[in-house]
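Data block below; observations after.
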Amino acid sequence: MTTESPVIPAHPDTREERTNERTSTGMSSTNPSADKKVKETVEYAAANPDVEQDWASLGLKENEYDAIREVLGRRPTSAELAMYSVMWSEHCSYKSSKVHLRKFGEYLTEDMKKHMLVPIGENAGVVDIGQNWAVTFKVESHNSPTMVEPYQGAATGVGGIVRDIISMGARPVAVMDQLRFGAIDHPDTARVCHGAVAGIGGYANSLGLPNIGGETIFDPAYQGNPLVNALAVGIMKHDDIHLANASGAGNKVVLFGARTGGDGIGGASILSSESFEEGSESKRPAVQVGDPFSEKVLIECCLELFAADTVEGIQDLGAAGISCATSELASNGDGGMHIALDDVLLRDPTLTPEEILMSESQERMMAVVRPEKLDEFMEIVGKWEVETSVLGEVTDTGRLVIEWHGDVIVDVPPRSVAHDGPVYERPYSEPSWQAETQANTVDAAGLARPESGDELRQTLLDLVASPNLCSKEWVTNQYDRYVQGNTALAFPDDAGVIRVDEETGLGIALATDANGRYTYLDPATGAQLALAEAYRNVATTGARPMAVTDCLNFGSPEDPAIMWQLATAIEGLAKGCQALGVPVTGGNVSLYNQTGDTAILPTPVVGVMGVFDDVTRATPSGFTGAGHAIYLLGETEEDFGGSAWADVAHGHLGGLPPKFKPEAERELGEILINASRDGMIDTAHDLSEGGLAIAVAESVMRFGMGARIWLDEVINRDGVDLFTALFSETAARAIVAVPRSEEVRFTDMCTARNFPHVRIGMTDAGEDNQASLEVVDQFTIGLQELLETSKGTMLKHFG
């Protein structure tokens with residue numbers, strides 16, 4: 001199916017409006033069963049083919065509605081229409097991105113596959129990390145719900161991704177978040193930021209999961225469409241892996257967890273498939289409401305069910321709720337299932353069948369259980385006081401059949417709902433403004449550069465105080481980073497590090513990164529630089545990068561320019577993963593992130609997971625002791641396109657981003673990993689936004705240890721001026737602090753690998769322990785001034 005049709009406006013979605021609609025019309029066209037004189041059964045639908053159905057108000061296109069009729073050989077019942085509408089939504093079906101996401105498989109080599117324990121397409125990727133341990137991790141978006149209701153939108157984003165981890169059979173051990181809000185001084189930014197941060201902290205802290213990192217970015221491009229991307233990671237033994245499938249005729253289908261309510265109805269089909277228009281609040285559906293304490297009980301209950309081997313297949317209920325769980329389990333298994341929908345336990349007894357099928361109420365799971373294991377299953381859920389109902393059983397009919405009070409209201413091939421939805425090859429083309437934007441370099445724009453020591457000093461302070469480079473302690477202090485006692489490193493270090501096994505010291509590192517400004521200038525390179533930065537951040541801790549998850553946040557795919565950004569970014573990321581040898585194991589696509597015609601910056605968030613043999617060797621990003629030699633690894637070039645300096649000093653966005661250098665990134669990674677493992681370095685910090693100056697400033701502020709920097713050799717070797725040496729954002733670079741006893745060994749390793757390295761300074765506690773950052777013969781900034789400048793920005797705007 002590739003036929004396009006016009007954008008259809010969203011329908012009234014609040015609970016009150018739906019009720020009013022039924023009352024005023026007697027029989028809603030979207031919900032015929034609301035009329036007590038008509039029961040919208042499969043038999044009735046077949047006998048009454050001409051009943052008008054308001055498919056548009058459910059977010060479907062005309063060609064999609066026609067396709068549903070063709071699949072069924074009749075018009076759908078209202079319940080079937082509800083199911084198809086949510087499962088064929090952009091959020092659930094990936095109908096605009098599916099043809100491009102195949103690139104991740106096309107560029108996947110046999111060597112990249114060797115640690116993947118499940119293929120792409122499961123609830124979350126699973127990676128073998130050795131010693132019979134496996135890690136599952138994934139990042140997903142909850143963008144639009146957060147704009148509508150920041151606290152619950154962000155909180156339930158955490159809850160949903162954690163349930164994806166549970167459904168793989170793993171114990172969740174940590175979360176991360178990638179946040180993007182509008183301008184920091186915009187009145188609405190405080191509302192969204194306060195709510196989202198509180199929601200993330202409130203949910204994850206209550207679950208007892210450490211939040212070990214992420215990003216918080218402010219940009220006017222996200223004013224109407226904030227991004228809340230949540231990552232969760234879990235650990236398990238190889239034998240504990242569980243998949244979402246319903247096999248074995250006669251096996252029972254069990255729904256357990258929270259009761260089903262009216263929250264989140266239509267969320268997947270409406271919030272994730274249409275852009276927000278000004279004044280459209282009344283058309284937004286209710287946002288899901290989370291209960292982290294119920295989810296904590298559900299986690300422990302599921303883990304005990306897994307340990308007792310009572311579950312054949314399992315699926316969390318997130319987007320599309322029961323529609324998703326039943327159709328995906330059936331489609332992935334033997335292909336048949338029979339369900340009695342009236343056995344669903346409800347919070348709201350007025351819910352219609354359509355609403356029950358579409359509800360996205362949180363903290364629910366669906367399991368497939370062998371009949372002989374059902375009593376044991378019930379005993380365990382009873383112990384945890386988790387409400388449970390047996391809804392039906394697996395069949396060998398190849399049909400998903402759902403009854404309501406004894407009548408069949410759904411009879412569909414489950415693959416047609418879950419997997420064989422529409423696939424669009426949407427037209428795309430490079431936007432007309434792209435070449436002009438790339439030609440508008442910092443030199444072409446005539447941007448004035450600082451020259452004197454005082455000007456360079458002020459430039460660094462301006463960057464340190466800028467919303468995107470300032471301290472995010474206001475955010476991270478609301479998160480528990482060390483609960484469970486297995487956190488080795490957390491924000492503001494370059495990556496979060498978690499111990500997996502106390503006995504062996506096995507551990508993992510995780511970093512998530514994105515740069516919408518780079519991606520706006522060049523989508524392929526921007527996606528690759530996000531990958532490179534996350535890869536580099538993992539390597540700076542000493543972990544070996546092994547796998548990738550991604551969350552691709554873009555505007556409307558019905559705009560050829562936006563579709564070009566998406567397609568180009570995906571191919572760039574796929575090629576980048578191949579070049580670095582790290583596979584994409586899973587992820588998420590979030591489209592329609594725009595208000596009217598104004599889209600967000602294209603923002604591909606990339607998460608990289610790496611592995612330690614011994615987590616005690618994890619290297620922090622801050623200077624830890626005096627007298628260590630500071631080395632710059634990598635070469636510096638004139639890279640200011642999309643840079644922090646161009647943005648903060650001039651509000652400029654133009655030119656080309658830095659080049660992606662996969663060979664240099666891999667070599668740099670090997671040096672960082674080996675140096676950390678062998679005890680050659682005490683500090684490592686990547687260079688990215690703000691360049692060398694910001695990296696050194698952050699390393700000084702991390703533990704309060706000062707530094708003296710001299711850059712003559714960098715200037716002479718690389719042919720750059722002092723300003724470029726300090727603020728360029730050339731990729732494939734890092735700084736390390738090397739104890740004097742290890743200098744010869746470290747430099748010999750770099751020389752043997754023919755990797756550029758130069759000694760640029762020393763760590764220095766300062767006189768009377770008054771630490772500072774000094775660029776010799778240029779300027780000095782005291783530690784206290786750095787800290788006050790860095791921490792003051794968030795406090796000024798958010799208190």
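Hydrogens, waters and symmetry mates play no part in the numbers below; they use all other heavy atoms, side chains included.
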R708 and E774, any side-chain heavy atoms less than 4.5 Å apart: yes
Side-chain touch I630/V696, heavy atoms, less than 4.5 angstrom: no
Pair T437-N440, side-chain donor/acceptor within less than 3.5 Å: no
Pairing of E663 and R666 as salt bridge, 4.0 angstrom limit: no
Salt-bridge criterion met for E785 and R457 (N-O under 4.0 Å): yes
Check: W433 ring centre within less than 6.0 Å of Y520 ring centre: yes
Side chain H628, main chain R740, donor-acceptor under 3.5 Å: no
Atom CZ of F746 with >12 non-hydrogen neighbours under 6.0 angstrom: yes
Other residues, nucleotides, ligands: >12 heavy atoms within 6.0 Å of E713 CD: no
pair P545-I673: side-chain heavy atoms closer than 4.5 Å: yes
Side-chain heavy-atom pair E635, R717 within 4.5 angstrom cut-off: yes
Residues E670, R544: salt bridge by 4.0 Å N-O rule: yes
Any donor-acceptor N/O pair, R481 side chain to F491 backbone, under 3.5 Å: yes
Atom CD of E502: over 12 foreign heavy atoms under 6.0 Å: no
Test: D128 and K114 ion pair at under 4.0 Å: no
Criterion side chain to side chain donor-acceptor pair (under 3.5 Å) on D614 and T616, from CA distance to verdict: CA-CA 5 Å; D614 181 4; T616 62; 2.6 Å; yes
Validation row, ring centre H650 to ring centre F640 under 6.0 Å: no
Sub-4.5 Å side-chain heavy-atom contact between R536 and D494: no
Pair D462, Q458: side-chain N/O donor-acceptor within cut-off below 3.5 Å: yes
D777, CG atom: more than 12 neighbouring heavy atoms under 6.0 Å: no
Under 3.5 Å side-chain donor-acceptor pair for N515 and E689: yes
Side chain proximity check, S790 to M701, heavy atoms < 4.5 angstrom: yes
Closest non-hydrogen atom pair between L460 and I781, with its separation: CD2-CD1, 3.9 Å
Minimum side-chain heavy-atom gap E698-R702 below 4.5 Å: no
L692 side, atom CG; T724 side, atom OG1 - distance, nearest 0.5 Å: 12.0 Å
Exercise: identify the closest heavy-atom pair between P662 and A579: CB-CB, 3.6 Å
Close side-chain approach of V500 to V615, heavy-atom, < 4.5 Å: no
